[in-house]
Amino acid sequence: GNPELPTAVNITWSSINFKTILQWQPKPSGYFYTVEIHGQTSNTRKKCIQTTETECDVTDVVRNVKETYTAHILSVTSSGMDNFEEPPFAVSEKFTPYNQSNFCSLVAKDSTRRNGSKLQQGRFNPLTPYTFPNGSFLSVRDIFQHDLEYRLYYWKDQSSGKKAETSKSHTFEVSVDSTKNYCFYIQGIIPSRRENRSGQESLVLCTSVGRNVLDEYRAEVFIIIAVIAIAVITLAIVLSVVLCKRRRARSAR
């Protein structure tokens with residue numbers, strides 16, 4: 001090979017919901033990179049051939065999510081792929097998508113329902129880049145099957161007390177105070193994993209049952225009411241004392 005060409009460093013796998021990106025450094029100058037993906041049981045696949053970028057989308061070549069892969073980042077010249085000499089390359093850490101791909105739960109605002117004292121939440125099963133033979137996308141649930149469970153964290157709006165419910169399905173129904181608003185988020189859990197058991201948290205959403213002034217400004221309102229009450233009581237005491245002194249003065253005369 002050509003030992004004068006620098007090789008890639010800081011090679012990392014970045015994968016969310018099985019969308020997998022390979023990243024490395026440094027930016028090439030006067031040469032190119034070519035990515036080779038090596039699987040334990042699959043043939044070597046080349047991606048991002050002679051690229052000047054330092055990242056490569058390898059989602060389609062790591063489709064067998066339970067297989068373990070390594071990436072070879074080859075440093076090549078413009079004619080480096082035409083000769084029979086092996087170019088210098090760097091090797092990544094091993095990567096198994098099923099065990100290492102991060103996952104996030106997406107919650108749609110219109111999927112939240114309030115039915116009296118019941119909070120219903122669903123439709124947060126995210127899709128992956130992979131498809132069924134009919135062209136529809138596989139979801140995270142389709143890949144993990146029963147290994148995946150979801151956890152719903154919820155609490156009364158403007159309160160710090162948090163509760164949690166766990167479900168194997170992608171729907172929840174929990175009992176709540178029908179007069180209060182609630183905030184919540186979803187997090188996926190894979191108990192069978194040794195690492196990366198918890199997925200990324202969804203955005204926090206809150207219900208809206210129609211807040212009144214006391215709900216919005218409860219502390220401020222109570223303080224104002226307390227101040228007014230103290231002022232009224234103080235005024236009443238002062239008036240009583242003044243009137244009492246005047247009566248005594250009149251009696252003395």
Side-chain angles (χ1 to χ4, degrees), residues 8-28 32-74 89-109 111 122-151 168-170 185-205:
V9 296
N10 299 332
I11 304 172
T12 57
W13 299 87
S14 175
S15 183
I16 299 178
N17 293 344
F18 298 99
K19 173 76 170 177
T20 304
I21 307 294
L22 195 66
Q23 298 173 311
W24 64 90
Q25 294 174 334
K27 196 77 173 175
F32 305 91
Y33 290 116
T34 293
V35 177
E36 288 183 349
I37 301 298
H38 297 253
Q40 290 180 324
T41 61
S42 58
N43 295 328
T44 300
R45 300 281 299 276
K46 290 184 178 180
K47 291 286 294 182
C48 303
I49 298 173
Q50 296 190 18
T51 180
T52 58
E53 301 297 325
T54 55
E55 68 175 40
C56 182
D57 187 340
V58 296
T59 304
D60 60 329
V61 294
V62 294
R63 184 182 176 89
N64 185 356
V65 296
K66 292 189 176 182
E67 185 163 11
T68 299
Y69 301 91
T70 55
H72 291 191
I73 312 296
L74 283 61
F89 63 89
V91 182
S92 72
E93 297 287 337
K94 293 181 178 180
F95 176 72
T96 306
Y98 192 88
N99 296 330
Q100 294 174 259
S101 181
N102 292 318
F103 55 100
C104 63
S105 304
L106 307 177
V107 180
K109 181 70 174 178
S111 67
R123 289 175 51 200
F124 45 80
N125 197 18
L127 300 178
T128 73
Y130 301 128
T131 59
F132 289 104
N134 62 4
S136 60
F137 288 96
L138 278 78
S139 68
V140 169
R141 168 70 67 185
D142 293 324
I143 293 178
F144 286 118
Q145 299 292 323
H146 297 293
D147 277 353
L148 174 65
E149 61 187 37
Y150 284 104
R151 193 163 293 164
K168 285 285 188 180
S169 71
H170 57 274
Y185 65 86
I186 305 292
Q187 186 177 34
I189 309 291
I190 303 179
S192 63
R193 282 184 171 183
R194 293 183 179 179
E195 299 177 351
N196 299 325
R197 289 186 175 183
S198 301
Q200 296 179 359
E201 299 171 357
S202 70
L203 295 176
V204 175
L205 294 179

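Only heavy atoms go into these numbers, but all of them, side chains included; no hydrogens, no water, no symmetry mates.
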Would you indicate whether the side-chain heavy atoms of [Y] and [X] approach each other to under 4.5 Å?
X      : Y      : result
Gln187 : Ile189 : yes
Asn102 : Asn196 : yes
Ser14  : Leu22  : no

Over all atoms of both residues, closest heavy-atom pair of [X] and [Y]:
X      : Y      : result
Arg193 : Phe103 : NH1-CE2, 3.8 Å
Leu148 : Lys168 : O-CD, 3.8 Å
Pro126 : Asn17  : CB-ND2, 3.6 Å
Val62  : Tyr130 : O-OH, 3.3 Å
Val65  : Pro97  : O-CD, 3.3 Å
Ala8   : Trp24  : CB-CD1, 3.7 Å

Return the [atom1] to [atom2] distance between [X] and [Y], rounded to the nearest 0.5 Å.
X      : Y      : atom1 : atom2 : result
Asn10  : Thr54  : CG    : OG1   : 10.5 Å
Gln100 : Lys94  : CD    : NZ    : 11.0 Å
Tyr185 : Ser202 : OH    : OG    : 8.5 Å
Leu205 : Ile186 : CG    : CD1   : 9.0 Å
Arg197 : Ser192 : CZ    : OG    : 8.0 Å
Cys48  : Tyr33  : SG    : OH    : 13.0 Å

Any donor-acceptor N/O pair, Lys19 side chain to Pro129 backbone, under 3.5 Å: no
Heavy-atom donor-acceptor pair, Thr34 side chain to Ile49 backbone, under 3.5 Å: no
Sequence-distant partners of Tyr69, ring-ring contact (aromatic ring centres under 6.0 Å, His included), two or more places apart: none
Those residues that, when tested against Phe89, pass ring-ring contact (aromatic ring centres under 6.0 Å, His included) (two or more places apart): His72
side-chain contact (heavy atoms from CB on, under 4.5 Å) against Ser139, all qualifying residues, sequence neighbours excluded: Asn125, Leu127, Arg141, Asp142
Donor-acceptor side-chain pairing of His38 and Thr70 below 3.5 angstrom: no
Polar side chain donor-acceptor pair, Thr59 to Thr20, under 3.5 angstrom: no
Verdict with reasoning, Glu53 to Thr51, per side chain to side chain contact (heavy atoms under 4.5 Å, CB included): CA-CA 5 Å; Glu53 301 297 325; Thr51 180; 3.4 Å; yes
Chi angles and distances behind the side chain to side chain contact (heavy atoms under 4.5 Å, CB included) call for Gln23, Ile21: CA-CA 6 Å; Gln23 298 173 311; Ile21 307 294; 4.0 Å; yes
Centroid separation Phe144 to Tyr98 less than 6.0 Å: yes
Whether over 12 other heavy atoms sit under 6.0 Å from Lys66 NZ: no
Residue Glu93 excluded, over 12 heavy atoms near CD under 6.0 Å: no
Step-by-step side chain to side chain contact (heavy atoms under 4.5 Å, CB included) determination, Phe95 to Thr68: CA-CA 5 Å; Phe95 176 72; Thr68 299; over 6 Å; no
Side chain to side chain donor-acceptor pair (under 3.5 Å) between Glu67 and Thr41, worked out: CA-CA 8 Å; Glu67 185 163 11; Thr41 61; 2.9 Å; yes
Cationic N near anionic O, under 4.0 Å, Glu149 to Arg151: yes
Salt bridge flag under 4.0 Å for residues Lys47 and Glu36: no
Audit row: Thr44, Ile37, side chain to side chain contact (heavy atoms under 4.5 Å, CB included) steps and yes/no: CA-CA 6 Å; Thr44 300; Ile37 301 298; over 6 Å; no
